[in-house]
**Q** 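Quick one: the structure is below, questions incoming.
All ligand and atom numbering here is 1-based and tracks the order in the structure. Each residue takes its place number in the sequence, starting with 1. Quick caveat, the model's predicted, so the values are computed rather than measured.
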Amino acid sequence: MIIAIDGPAGSGKSSVARSVALRMNFHYLDTGAMYRAVAVGAMQRDIDLRDGVALREFSKSRTIRFAYEEGEVLPSRVYFGDEEMTDHIRTPQVDGAVSLVAGCPELRGDMLAKQRMLGSKGNYVVEGRDIGSVVFPNAALKIFLTACVEERARRRSFQNEARGLPSDFEKTLQALKDRDERDFNREIAPLVVAEDAVELDTTNMNEEEVIQAIVDLATEVRDRVCGPDGGADDDNCKGLPEIGDEYA
Ligand code: DC
């Protein structure tokens, strides 16, 4: 079964989605990391991010893979072809450029196919922008995480500061407003709240409260979809693979 977690930039999706996957013993797929890996590779080669045909050609020439660090339960490393992109995908520079890549229709079709292929392998928490609306419209549970833009900017500035990256609040706020504008208003797969999604405004919630609220909903849905034994014999209800497996 799929738990889709969508929402705007800085709504806390990534850390919440990872924690939910861990507590539920589900796989985890970060679809934003896929667009980010392509963006970094293209920027390193001076490929025009507005040239959809060139971007698609480039992205098709390599496989995006998620991989584990030794002993990890969920994969934290992302590779584009042979190149490890993990440490390059979450910089303010990539934040600014990635929505051009994500807005490219030529590329999105390939990403959609890959995301569906990966997510068809068992129990998954999948996070992104269009997971409940486009990629997995039949997801068993759809969550739309929001928070007011000032709160999201505050969280993002803290994160950047913790990583030793530029963390100016006003600049972060403006960058988030720009990304919202592009994510909500783009022509293809814009950020929308799926009709049957549970909308969770996290402005006044701490992370633990958000995680617990989703785990409670997910547990109820899983018991219904996978049965009381967790669907042990059902391919659609498989939990985490052996540590060290790669998702390619
Ligand atoms: O969630 P994120 O900030 O890592 O996403 C990076 C970019 O990719 C962002 O511009 C939104 C876009 N994205 C998307 O269009 N569809 C997805 N399923 C996931 C991310």
Side-chain angles (χ1 to χ4, degrees), residues 2-18 20-21 28-43 49-50 52 55-56 59 64 66 75-78 80 85-119 124-137 139 142-147 149 152-153 155-157 159-160 163 165 172-194 197 202 247:
I2 300 283
I3 300 173
I5 303 187
D6 292 301
S11 56
K13 287 187 310 294
S14 290
S15 48
V16 165
R18 284 188 79 86
V20 171
Y28 164 70
L29 176 62
D30 173 1
T31 59
M34 298 170 73
Y35 292 100
R36 286 173 179 274
V38 176
V40 172
M43 286 158 80
L49 301 186
R50 288 185 172 78
L55 269 182
R56 183 179 186 213
S59 133
I64 299 170
F66 291 95
S76 66
R77 321 298 301 174
V78 58
F80 188 47
M85 295 298 190
T86 319
D87 295 335
H88 308 296
I89 61 172
R90 292 191 200 283
T91 65
Q93 197 197 3
V94 176
D95 283 351
V98 66
S99 43
L100 285 176
V101 173
C104 162
E106 290 89 344
L107 193 77
R108 287 199 81 91
D110 296 341
M111 293 292 195
L112 175 80
K114 173 125 193 157
Q115 290 157 8
R116 283 192 180 152
M117 194 263 291
L118 286 169
Y124 259 88
V125 174
V126 186
E127 64 140 309
R129 299 291 189 289
D130 59 342
I131 307 307
S133 57
V134 176
V135 184
F136 292 108
K142 301 179 185 179
I143 304 288
F144 193 90
L145 280 190
T146 55
V149 69
R152 288 187 280 129
R155 294 177 191 169
R156 187 49 61 90
S157 309
Q159 272 172 5
N160 285 343
R163 290 200 205 109
L165 295 168
T172 308
L173 180 63
Q174 191 53 51
L176 277 180
K177 286 181 177 169
D178 293 346
R179 284 182 71 196
D180 280 358
E181 167 72 23
R182 290 196 291 262
D183 287 347
F184 278 105
N185 296 315
R186 69 178 176 219
E187 272 175 33
I188 181 158
L191 180 57
V192 288
V193 187
T202 70
Y247 299 34

**Q** Tell me if a side-chain donor or acceptor on K142 pairs with a main-chain N or O of P137 at a distance below 3.5 Å.
**A**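 Flag set: sc K142 to bb P137 pair under 3.5 Å.
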
**Q** Quick check against the 3.5 Å criterion: does D6 have a side-chain atom that pairs as donor or acceptor with the backbone of I131?
**A**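 Checked: pair present.
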
**Q** Return the minimal non-hydrogen interatomic distance between T86 and S76, and the atom names on each side.
**A**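 Scanning both residues, the minimum pair turns out to be CG2-O, 3.3 Å.
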
**Q** When only distance counts, is E127 in polar contact with ligand 1, meaning an N/O pair under 3.5 Å?
**A**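 For ligand 1, there is no N or O atom that lies under 3.5 Å from one belonging to E127.
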
**Q** Would you kindly specify which portion of D183 sits under 4.0 Å from ligand 1, judged on non-hydrogen atoms: side chain, backbone, both or neither?
**A**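 The part of D183 near ligand 1 is the side chain, not the backbone.
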
**Q** Return the CG to CZ distance between L176 and R156, rounded to the nearest 0.5 Å.
**A**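 Those atoms lie 6.0 Å apart.
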
**Q** With heavy atoms under 4.0 Å as the rule, classify the contact between M111 and ligand 1 as side chain, backbone, both or neither.
**A**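 Neither part.
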
**Q** Measure the distance from atom 20 (C) of ligand 1 to every protein heavy atom, then report the residue, atom name and distance (to 0.1 Å) of the closest one.
**A**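 The closest one turns out to be G32 CA, 3.6 Å.
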
**Q** Atom 12 (C) of ligand 1: which of A102, A4, A33 has the nearest heavy atom?
**A**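 Among A102, A4, A33, the closest heavy atom to atom 12 (C) of ligand 1 belongs to A102.
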
**Q** I need the contact type for R108 against ligand 1. Using non-hydrogen atoms and a strict under-4.0 Å cut-off, is it side chain, backbone, both or neither?
**A**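 Near ligand 1, R108 shows its side chain, while the N, CA, C and O stay back.
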
**Q** Report the nearest protein non-hydrogen atom to atom 13 (N) of ligand 1: residue, atom name, distance rounded to 0.1 Å.
**A**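 Protein heavy atom at minimum distance: R129 CG, 3.6 Å.
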
**Q** Side chains of R152 and S157: do they bring a donor and an acceptor to under 3.5 Å?
**A**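 There is no such pair (donor and acceptor under 3.5 Å, judged by atom type) between the side chains of R152 and S157.
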
**Q** Return the residue, atom name and 0.1 Å-rounded distance of the protein heavy atom closest to atom 19 (C) of ligand 1.
**A**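 Ranked first by proximity to atom 19 (C) of ligand 1 is T31 OG1, 3.3 Å.
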
**Q** Identify, with sequence neighbours excluded, every residue that meets side chain to side chain donor-acceptor pair (under 3.5 Å) alongside T91.
**A**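 With sequence neighbours excluded, T91 shows a side chain to side chain donor-acceptor pair (under 3.5 Å) to no residue whatsoever.
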
**Q** Heavy-atom contacts under 4.0 Å between S99 and ligand 1: side chain, backbone, both, or neither?
**A**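 Contact part for S99 vs ligand 1: both backbone and side chain.
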
**Q** Give the residue, atom name and distance (to 0.1 Å) of the protein heavy atom nearest atom 18 (N) of ligand 1.
**A**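 Residue, atom and distance for the closest contact: D130 OD1, 2.8 Å.
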
**Q** Looking only at side-chain N and O atoms, does E127 offer a donor or acceptor that is under 3.5 Å from a partner on S14?
**A**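 Distance-only check passes for S14 and E127.
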
**Q** Apply side chain to side chain contact (heavy atoms under 4.5 Å, CB included) to residues V125 and I5 and explain how you reach the verdict.
**A** CA-CA 7 Å; V125 174; I5 303 187; 3.9 Å; yes

**Q** Under 4.0 Å from a heavy atom of R90: which atoms of ligand 1 are those, numbered in the order shown and with their elements?
**A**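 Listed by number with element: 4 (O).
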
**Q** Please determine if R179 has a nitrogen or oxygen closer than 3.5 Å to a nitrogen or oxygen of ligand 1.
**A**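 The answer is yes, given that R179 and ligand 1 share an N or O pair closer than 3.5 Å.
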
**Q** For atom 4 (O) of ligand 1, what is the nearest protein heavy atom, given as residue, atom name and distance?
**A**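 It is R36 NE, 2.7 Å.
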
**Q** Carefully, step by step, assess F144 and L191 under the rule side chain to side chain contact (heavy atoms under 4.5 Å, CB included).
**A** CA-CA 10 Å; F144 193 90; L191 180 57; 3.6 Å; yes

**Q** Could you say whether the N/O atoms of R186 and ligand 1 ever approach to under 3.5 Å?
**A**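 Yes.
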
